[in-house]
> 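The structure is given below, and queries will be raised subsequently.
In what follows, residues are counted from 1 in the order of the sequence shown. Side-chain atoms are counted along with the backbone in the values below, which use heavy atoms only and exclude waters and symmetry mates.
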Amino acid sequence: LELPPGAKAPWDRWLAEGARLRQHEIEVFEFELARSGRRQAARAKVASGFEVPEKPAAWFAGVDARKIADNLLTWQSPSGGWTKNTAMTRRPRVAGQRWSPWGEWDYVATIDNKATTSQIEFLARLATATGNAAYAAGAERGLRYLLAAQMPSGGWPQVFPLQGTYHDQITFNDDAMVRVLIQLRNIKNRKAPWQFVSAGLRTEIEAASQRGIQCILRCQVRVEGILTAWCAQHHPVTLAPVGARAYELTSLSGGETVGILKFLMSLGNPAPEVRWAVEAGIAWLRRSTVEAAALGTVMPGSRTPRQIC
């Protein structure tokens, strides 16, 4: 995609930063592997995705929470993010072990499946509950990763450093970008447990949050001049809706649109363009409602649906 010189420079810098972070990851890993004496890298193990447990505030000051936090810090990638769906709470990562079970360099750091934002929030709660500077530093490093991953257009890719294919698109799928913006909004509003975030970082976060909101507004699809909804993925530069995997076609997505609208409606004193976007999105959802529909699964050789809802 050809860009004019003035628009090209920010993208060149962003891509160069991603390449630098990937090279740093490679160098750290190769150094660890050489020192470990292993011939092959230890693999990470697949597990359910990490989420912040629903516990009372006092629990986050306890031994169990600190053990999880200590382990999470060892799994933080050199770029500052975390992988997804990986066993990282019970045991620390060892030197020379892959950060991700999804191939050598796939999903090393990602916002997919609640990854990175969940680890950042957990460390933030521990930093507030314990006063431990290591937890605060880990959370801030994670936040700086999110800032580095933000595209010049204001969106976030699913994976950064870039992995290729649909992972490089602006990713609303499964509320990935919305979760990032909710976290940045809470920090901007000085909600607990984010009081420890430095003033300088908070200023950067406020600016990133505004760029993200503007990206959302610009991505809202117009059909015959009328604002409608959002796709699960959008092109990083043109902001046009795009597909992902073979079964994820370019389309207006009800699920992702609901998540985006909830976020926009949570903004205090929204600008007129935010209100217009919300009203248009809600109108599209109402027009797109499917009523009195039956869904069924018909097994091969049978005319009778196995289940209907």
Side-chain angles (χ1 to χ4, degrees), residues 1-22 79-81 109-112 115-117 143-185 187-188 201 203-223 227-244 248 250-253 256-257 259-261 263-264 267 270-274 276-278 280-281:
L1 183 67
E2 292 293 331
L3 294 172
K8 187 173 182 292
W11 286 98
D12 286 343
R13 288 193 296 270
W14 182 71
L15 291 170
E17 177 62 8
R20 185 192 70 80
L21 289 174
R22 175 48 47 86
S79 61
T110 180
I111 59 172
D112 193 27
T116 297
T117 50
L143 291 171
R144 292 199 176 278
Y145 163 80
L146 293 179
L147 295 179
Q150 188 178 28
M151 301 171 176
S153 57
W156 272 268
Q158 187 190 69
V159 179
F160 189 79
L162 297 178
Q163 185 172 313
T165 69
Y166 66 90
H167 308 288
D168 298 356
Q169 311 292 353
I170 294 172
T171 304
F172 297 123
N173 187 49
D174 294 337
D175 295 329
M177 179 168 155
V178 166
R179 280 195 301 274
V180 172
L181 285 170
I182 289 172
Q183 188 162 85
L184 300 188
R185 177 204 63 194
I187 296 169
K188 179 172 70 75
L201 180 54
T203 298
E204 293 181 56
I205 284 170
E206 290 178 2
S209 178
Q210 287 304 311
R211 290 195 300 272
I213 293 169
Q214 289 303 310
C215 177
I216 285 178
L217 298 180
R218 292 163 59 209
C219 282
Q220 192 171 15
V221 177
R222 287 183 181 270
V223 178
L227 283 173
T228 59
W230 289 264
C231 187
Q233 292 83 210
H234 285 252
H235 191 280
V237 180
T238 68
L239 308 184
V242 293
E248 295 171 322
T250 303
S251 61
L252 299 180
S253 171
E256 276 68 31
T257 292
I260 291 169
L261 291 175
F263 167 70
L264 293 178
L267 300 176
E273 58 267 30
V274 174
W276 297 334
V278 170

> Check whether any side-chain heavy atom of Arg144 sits under 4.5 Å from a side-chain heavy atom of Glu204, and report yes or no.
yes
> So, using ring pair (Phe, Tyr, Trp, His ring centres under 6.0 Å) as the criterion, who are the partners of Trp11 when residues are at least two apart?
Trp14
> Any pair with a residue in residues 8-18 that passes salt bridge (Lys or Arg N to Asp or Glu O under 4.0 Å), sequence neighbours left out, goes on the list, sorted by first then second residue, please.
Lys8-Asp12, Glu17-Arg20
> Counting distance only, does the side-chain N/O of Gln220 pair as donor-acceptor with the main-chain N or O of Ala277 below 3.5 Å?
yes
> Would Ile170 and Leu239 satisfy side chain to side chain contact (heavy atoms under 4.5 Å, CB included), going step by step from the backbone distance to the final call?
CA-CA 8 Å; Ile170 294 172; Leu239 308 184; 3.6 Å; yes
> What pair of heavy atoms forms the shortest contact from Pro241 to Cys231, and how long is it?
CB-CB, 3.5 Å
> Where is the tightest heavy-atom contact between Thr116 and Tyr145, given as atom of each residue plus distance?
CG2-CD2, 3.9 Å
> Kindly write out the residues that satisfy salt bridge (Lys or Arg N to Asp or Glu O under 4.0 Å) with Arg185, not counting sequence neighbours, or none if the list is empty.
none
> How far apart are the closest heavy atoms of Arg222 and Leu227, and which atoms are they?
CG-CD2, 3.7 Å
> Is a side-chain donor or acceptor of Tyr166 paired with a backbone partner of Gln233 at a separation under 3.5 angstrom?
no
> Between Ser253 (side chain) and Trp230 (backbone), is there a donor-acceptor pair under 3.5 Å?
no
> Using the side-chain contact (heavy atoms from CB on, under 4.5 Å) definition, which of the options Gln169, Gln150, Met151 pairs with Pro157?
Met151
> Quick one: does Trp156's side chain have a donor or acceptor within less than 3.5 Å of a partner on Ala176's backbone?
no
